[in-house]
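Comments concern the structure below.
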Amino acid sequence: MHNSILDPETATEHDPCEQRELIGDRGDYFLNRIQGETGVNVSACYQCERCTNACPISQFMDIKPHQIIRYVQLGWRIRLLKSSTIWICLSCEMCSTYCPNEVGVAEIINHLRMMAASSSIAPKEKNLAVFHHTFLEELIKSGRINEFRLMRAYYSKPDILYAKIRNGTLKEEFQLAMTLLRKGRLKLSAPKSKAVKEIQKAYSQTRGEIV
Amino acid sequence: MRLSFYPGCSLEGMANDYCESIYAVFKNLGIDLVEIEDWSCCGATAAHSLSEVMSVILPARNLAAAEKMRLDIICPCSLCFNRLRFSQKMIKKKIFHIPWEVTGNIRVLDMTRFLAKPSIIQLIKQCILKPLDSLKVVCYYGCQMVRPPKITGYADYENPQTLDLISSAAGAQVIDWSYKSTCCGASIGIGRREIVESLSKRILEKARQAGAEAVVVSCPLCQSNLDIVQKNRPEPPTPIFYVTELLRLSFTDKGNPQWFKMHVADPVPVLKAKGLL
């Protein structure tokens, strides 16, 4: 095999068999938008893959953290928002902490998740997206989160219970809930915060509703 | 000394034992904890996944309440601590309109860092009745308490020390290990159980390899992940203690077995074998 490192004259930049994709006709619009909204210098990335190596769950991701940054540079918005990475990222901040160029990888992934949540693209990890929405709904409803109420609301969302029955994990989760109940860790009721009205008002205001 | 206390939602439910042990320990130390009046949820992962504004204004409400009391906030839950600090930083940037009167100038202290201050360590050493010198533990910090350092203020995020200092003050043999701040999987278990299991099992495995008989944590979510993953496992359980549970155990002749009933990985056999219960 031809060693391109030893012979820079004949080295080609990429494998000629590999299919190359064109940068979108919107140029660096997406890159600039993300950089402006998050304050992260995405262009500083030199693909050392430190983030992917630090990530505890990179093996479960379809687009690895360093690829996320590259795709942002290339402006591949749809592909990013359709990925499961943006939903399964744990925000453990390993990537951002160890990046030699101080690229906030976790901040970018989190921002993409927010963009995906408000876009019309169906989330790849539906369970997680529904869980986040349910959590926020419960929070707005009662000011504090009670695990039992949260899980009850989550399971009554369309398709969630059905999916659990189909993949056979329902029994296991029910047993877990019973164990926790027996151990006294699952409280069936909890005091609501008196601040519910204040929070509801603030929430409506952030959504541009008139209160 | 008086401090305002922000328990967070977990401490009302899943981690009720943590809450009670914190109150007991601070009573022993002679430090007044005043629960923030009418506190509300910090928004946790959901708020910062879905709406940046909500992730700033939800903690801001609690910061405002604490500012009214003029007491520094002490925060036992790592994620709450992280969210409060994040919100404080954003309030000072004045990007979003906050519906409550808040300056963000109050101090938000992570509970373990408060307890690991030299003066408090002295105080802890004075309170000890029964040193835990036969117990070998490793300390597990999780992610949100130490990272990102720009928000949490931990300079030693690679090798944090607070829990180690507190546990060794309680007399336990603290073992050094490499998985102090590796993520346990957090709330992803709701949608992708296999991810949380692979991460938590690996952490437990490494703790056992290091020779630990128990793990000391300070985060309610880390505790429940590491605890629940041991359900129906053939190996002898590795109990996951909250740091305050251990402290309280060393402060009294008899620990409170009521708290230990809430653990899935039963700590009673280990403690009995060591003559600590």
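Computed from a prediction, not measured in an experiment: that's the story for all the values here. Quick note on labels: first sequence line is chain A, next is B, and so on, each numbered from 1.
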Can you confirm whether or not the ring centre of B:F81 sits under 6.0 Å from the ring centre of B:F86?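 Not close enough - the centres of the two rings lie 6.0 Å or further apart.
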So, B:Y141 versus B:Y154, ring centres under 6.0 angstrom or not?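 Centroid separation for B:Y141 and B:Y154: 6.0 Å or greater.
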What part of [X] gets closer than 4.5 Å to chain B, counting heavy atoms only: side chain, backbone, both or neither?
X      : result
A:F131 : side chain
A:S96  : neither
A:F148 : neither
A:I140 : side chain
A:K164 : side chain
A:L180 : side chain
A:M151 : side chain
A:L139 : side chain

Does A:E137 pair with A:K141 as a salt bridge, N-O distance under 4.0 Å?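 Salt bridge between A:E137 and A:K141, a charged N being under 4.0 Å from a carboxylate O: no.
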Charged N-O contact under 4.0 Å between A:K171 and A:E173: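 Not counted as a salt bridge, because no side-chain N and carboxylate O are separated by less than 4.0 Å.
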Exceeds 12 heavy-atom contacts within 6.0 angstrom, atom NZ of B:K231: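 More than 12 heavy atoms, drawn from other residues, nucleotides or ligands, come within 6.0 Å of this atom.
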Return yes when atom OH of A:Y155 has more than 12 non-hydrogen atoms of other residues, nucleotides or ligands closer than 6.0 Å, and no otherwise.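 Atom OH in A:Y155 is packed in, count exceeds 12.
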Of the backbone (N, CA, C, O) and the side chain (C-beta and beyond), which part of [X] lies under 4.5 Å from a heavy atom of chain A, both, or neither?
X      : answer
B:P148 : both
B:W100 : side chain
B:L50  : both
B:N16  : side chain
B:S224 : both
B:E12  : both
B:I228 : side chain
B:D266 : neither

Please determine, among [options], the option with the most heavy-atom pairs under 4.5 Å with chain B.
options                : value
A:E198, A:K201, A:Q205 : A:E198
A:L176, A:L186, A:I57  : A:L176
A:G184, A:G143, A:A117 : A:G143

As a quick check of understanding, evaluate salt bridge (charged side-chain N to carboxylate O under 4.0 Å, His left out) for A:R33 and A:E37, giving each step before the final call. CA-CA 6 Å; A:R33 178 183 165 191; A:E37 284 174 357; 3.2 Å; yes
Please lay out, stage by stage, how B:S187 and B:T45 fare under the test side chain to side chain contact (heavy atoms under 4.5 Å, CB included). CA-CA 8 Å; B:S187 60; B:T45 320; 4.1 Å; yes
Report the distance from atom [atom1] of [X] to atom [atom2] of [Y], rounding to the nearest 0.5 Å.
X      : Y     : atom1 : atom2 : value
B:M69  : B:E67 : CE    : CD    : 12.0 Å
A:I68  : A:I63 : CD1   : CD1   : 5.0 Å
A:L112 : A:W87 : CG    : CH2   : 11.0 Å

Are [X] and [Y] close enough that a side-chain donor and a side-chain acceptor fall under 3.5 Å?
X      : Y      : value
B:H263 : B:E245 : yes
A:H66  : A:T52  : yes
B:K180 : B:N159 : yes
A:R70  : A:Q73  : yes
B:Y23  : B:E35  : yes

I'd like to verify something: which residue of [options] has the highest number of heavy-atom pairs under 4.5 Å with chain A?
options                      : answer
B:I57, B:V264, B:I195, B:D17 : B:I195
B:I188, B:V53, B:I190        : B:I190
B:E37, B:E52, B:R61          : B:R61
B:R193, B:K150, B:K261       : B:K261
B:G13, B:A44, B:S49, B:C9    : B:S49
B:A186, B:G43, B:P99         : B:G43

Which residues in residues 97-109 of chain A have any heavy atom closer than 4.5 Å to a heavy atom of chain B?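 Counting heavy atoms that sit under 4.5 Å from chain B, the residues of residues 97-109 of chain A involved are A:T97, A:Y98, A:E102.
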Report the C-alpha separation of A:N146 and A:S142 in whole Å, then their side-chain angles, then the decisive distance to 0.1 Å, and conclude whether the side chain to side chain contact (heavy atoms under 4.5 Å, CB included) test is met. CA-CA 9 Å; A:N146 169 263; A:S142 51; over 6 Å; no
Flag the pair B:Q230 / B:P237 as yes when at least one side-chain heavy-atom distance between them is below 4.5 Å, and no otherwise.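 With C-beta onward as the side chain, the pair touches.
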